[in-house]
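Worksheet: one structure, shown below.
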Amino acid sequence: MLGLAGCAGAQAPTMAEQQAGEAPRVVLAAPATVAPEPAAPGTPPPSSSAPMVVPPAARQAVLDAYDAVQKRRWTDVDRLAPLAAADPVLGLYPRYWALRNRLQDRARPVPDTEVRQFLADAAGTYPDERIRADWILATVRSGDYAQALAVPALADPPAPVRCALLLARHQTGKRARASEVLDVFQPNADCWDMLDQVAADHVLSRKELNGLLRDILETGKQGNADRMAGVVFDDAAVVQYAALMKNPRKWLESRSQPRSTTDFELVAIALSRLAREDDRVEAARTIQARWAGWLPKADMQWVWGQFGLVAALNVDPDAARWYRQSGFVPMTDYNHAWEVRAELRAAPLDWGRVAEAIRKMSARQADEPVWRYWYGRALAAQGNAEAARQYYESIAAEQGFYGLLAAEELGRTPALPAQPGPLDPAWIAQARANPGLRRAVALFDLGWRKEAVPAWNFALRGMSDPQLRGAAEFAREQHIYDRVVNTSLLTREVADFNQRFIAPFEGQVAAKARLIDLDPAWVYGLIRQESRFITDARSHVGASGLMQLMPATARHVARKLGMKGFKPSQVNDFDTNTILGTNYLNMVLQDLNGSELLATAGYNAGPGRPKRWRAQLPAPVEGAIFAETIPFTETRLYVKNVLSNAVYYAMLFSGRPDSLKARLGMVNPMDGTRTARP
């Protein structure tokens, strides 16, 4: 069974999940240490991109320091830092790496004097902001709360820093509020430190602590749940918690009617764990027969909500039935989303139930494009066409999966947004002269993407739309295609689709697609999502190249094509990767009855999975419902992004309308889950 742990669909909601696959709405704040550039509105200021002279010895010291960091030879980094300082582009980095290492070592005193000197030298750079974040964490860990609060503010602090600052405030007399704790807490070391203290000071009620534990249990991350249980329960209850987590059925058999608040919570958790057993129906009978009359109604509703979630993630047709027993008990955003998906996949589809499930969401969640679309569909199905139209109108301008679908529901001919006017070349010249962007390009040129991407993104802060478009064009000049796309996505008032949907490599990808009768727009849409056109991209699971091929997949396709002498090292070669990738995509497409929807899911999750998901359908469903109910978060978002990308590329390439609904089609239940494809 597709359990909660160990699969992408089982994770707690990511930011991508919350955005439901739509383009993020990002507001970039200018760094506190950088003054805005004086320029008349709409007029690019004068700039100079005169090349900097980089002493070879200094650059070599930077390279040697980077190698020393990878090998954790910190004394070598300290020795090389003064030599590297003469590099006007990257000279800060060895000092930065060494200082970060010292700040992260809890056994060493916080080097406050070194930090202050570095911040003075690095003002307005990404290392400046990163060191300030690490300084806050280090000073809070050492108990110097006043110093942590005196560090210049960060524009957008990450969760560990927010937790550390809240703890510092709490410890210096400004008591934390429960709402603040619940807002910032995420399971990481610094947030645990904060939570331990505020829990000891009784900032959170027992109900709030129980809620945190329940939310963490839902993610399937056992270590975090065990850590949270240590905050919620006393020592005796922790022993009972460990026993029920190991074998909930056995633990429950030894229990009698709960009496205390702790007993009720332990029993509710144990009952929720029965949802993960192979026979949920039998487990539910046991609950109804013995436990349902003993637990408060809200606790039982939460248990049924967990049954619904596990069933939904296992594509179980009973998921909606379990959810309907959960009433209006508060759940996580993640679980509320799955209740709607369970109703969408149920047979017969009851649009009233879909609407009711969406109404259970918070106003913030229900306002996301994905749920506005499905609520509009539910209203239309119930005969309220005018209200449905208003919901579609509210998202039809969104550039993404649900914006396209909403526009089609309104009867509009699919079309690209108006292309903005030509960009004044002076904005591109300004980008070429921007020290932060030039530094990032130098890092990209060295292949140090882990350092380069945050440096590039930091340099974009506070930029206007013309500046962002200029930066995107600078990235295009440097062949850093992922930055072209991601930078252009940040513009607010205009959408330059020639940047956002760049199609590099001069038609070579399209030519390979056409050789085997694949739609080039679909292939480009897939590559845009897979690698953002980074030819040497490598994923955390080992997929490589433009089309992100796993080694076993590459070998399988090379064998099928009769490619002589193929070696895994060739997978990043442009021609090899695109030949293997397009042919594999075509093989998956043929295995899945020519459905771009199923083949896209199969390319990401393996072709066997969409076959199983299709086989578990209780009735035919429209493609949009199948896409929205894919149980793996990564694959669900991937499918929606690839297919909406394909629509935009098709319109860019042909100049004609293209329909997302037509690409999605219908998905019918079909037996046969085996596949020979890796």
Side-chain angles (χ1 to χ4, degrees), residues 1-15 17 159-160 163 181-182 184-196 199 204 206-255 262-280 283 286-287 299 302-316 319 322 331-335 337-338 540-541 631-635:
M1 104 176 178
L2 297 173
L4 274 172
C7 74
Q11 304 307 311
T14 60
M15 180 60 71
E17 171 74 20
C163 285
V181 174
L182 297 174
V184 305
F185 178 76
Q186 291 181 19
N188 60 65
D190 297 283
C191 287
W192 286 122
D193 289 345
M194 180 272 295
L195 188 66
D196 286 338
L204 297 177
R206 183 58 184 267
K207 182 178 180 181
E208 288 165 332
L209 288 169
N210 288 346
L212 281 175
L213 175 57
R214 289 181 177 189
D215 292 353
I216 292 173
L217 281 165
E218 194 172 278
T219 70
K221 295 183 178 178
Q222 183 81 37
N224 289 338
D226 293 348
R227 178 72 171 79
M228 189 69 218
V231 178
V232 174
F233 299 126
D234 60 24
D235 291 346
V238 165
V239 172
Q240 295 300 318
Y241 163 84
L244 76 85
M245 292 296 287
K246 183 176 181 181
N247 190 331
R249 185 177 289 275
K250 181 179 179 181
W251 184 85
L252 285 163
E253 288 172 353
S254 69
R255 310 297 294 181
T262 298
D263 284 345
F264 281 118
E265 186 60 24
L266 289 170
V267 169
I269 292 171
L271 295 177
S272 77
R273 305 302 289 180
L274 295 180
R276 290 158 172 76
E277 296 195 349
D278 290 337
D279 192 345
R280 275 185 293 277
T286 301
I287 293 172
D299 286 347
W302 176 75
V303 169
W304 295 131
Q306 296 304 299
F307 267 69
L309 176 61
V310 177
L313 292 173
N314 284 277
V315 204
D316 184 337
W322 302 127
M331 296 190 293
T332 61
D333 283 358
Y334 187 59
N335 208 348
W338 275 108
H540 68 283
V541 295
F632 292 3
T633 298
E634 177 188 323
T635 305

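All residue numbers refer to positions in the sequence shown, counting from 1. Computation of the quantities below employed the complete heavy-atom set of this structure, encompassing side-chain atoms and omitting hydrogens, waters and symmetry-equivalent molecules.
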Under a 4.5 Å cut-off applied to non-hydrogen side-chain atoms, are L309 and Y334 in contact? yes
Interatomic distance, CG@N224 vs CD1@I216, rounded to 0.5 Å, equals 6.0 Å
Taking atom CG of L209 and atom CD of E265, what is their separation to the nearest 0.5 Å? 10.0 Å
For Q240 versus L266, what's the shortest heavy-atom pair and its separation? CB-CD1, 3.9 Å
Taking C-beta and beyond as the side chain, do Q306 and R273 meet within less than 4.5 Å on heavy atoms? no
So, do V303 and F307 sit near enough that their side-chain heavy atoms are less than 4.5 Å apart? yes
Under 4.5 Å between any side-chain heavy atoms of V231 and L212, yes or no? no
Grab the two heavy atoms, one from A270 and one from P248, that are nearest each other, plus how far apart they are. O-CB, 3.6 Å
Within this structure, what is the CG-CE distance for the pair L217 and M245, rounded to the nearest 0.5 Å? 5.0 Å
Would you say the side chains of Y241 and D226 form a donor-acceptor pair under 3.5 Å? yes
Below 4.5 Å, heavy atoms only, C-beta onward: do M194 and V184 meet side chain to side chain? yes
Work out which heavy atom in V238 is nearest to a heavy atom in G230; give both atom names and the distance. CG2-CA, 4.2 Å
How far apart are the closest heavy atoms of P631 and A312, and which atoms are they? CB-O, 4.5 Å
Are there more than 12 heavy atoms of other residues, nucleotides or ligands under 6.0 Å from atom CG of D234? yes
Looking at side-chain heavy atoms only, is the closest gap between L252 and L244 below 4.5 Å? no
Rounded distance (nearest 0.5 Å) linking atom CZ of R249 with atom OG1 of T286: 5.0 Å
Just how far is it from atom CZ of R280 to atom CD1 of I287, taken to the nearest 0.5 Å? 11.5 Å
Heavy-atom check, side chain of L213 versus side chain of I269, under 4.5 Å: yes
Nearest atoms (heavy-atom pairs only) where W302 meets A268: CZ3-O, 3.5 Å
For residues V310 and A275, report the shortest heavy-atom separation together with the two atoms involved. CG1-O, 3.5 Å
Atom pair CD/CZ of E208 and F185 - distance to nearest 0.5 Å: 13.5 Å
In terms of side-chain heavy atoms, does R206 have a donor or acceptor partner in T262 at a distance below 3.5 Å? yes
So, do N247 and E253 sit near enough that their side-chain heavy atoms are less than 4.5 Å apart? no
Whether W322 and W304 hold their rings parallel, tilted or perpendicular, with breakpoints at 30° and 60°: parallel
Test log, rule side chain to side chain contact (heavy atoms under 4.5 Å, CB included), inputs V267 and D299: CA-CA 9 Å; V267 169; D299 286 347; over 6 Å; no
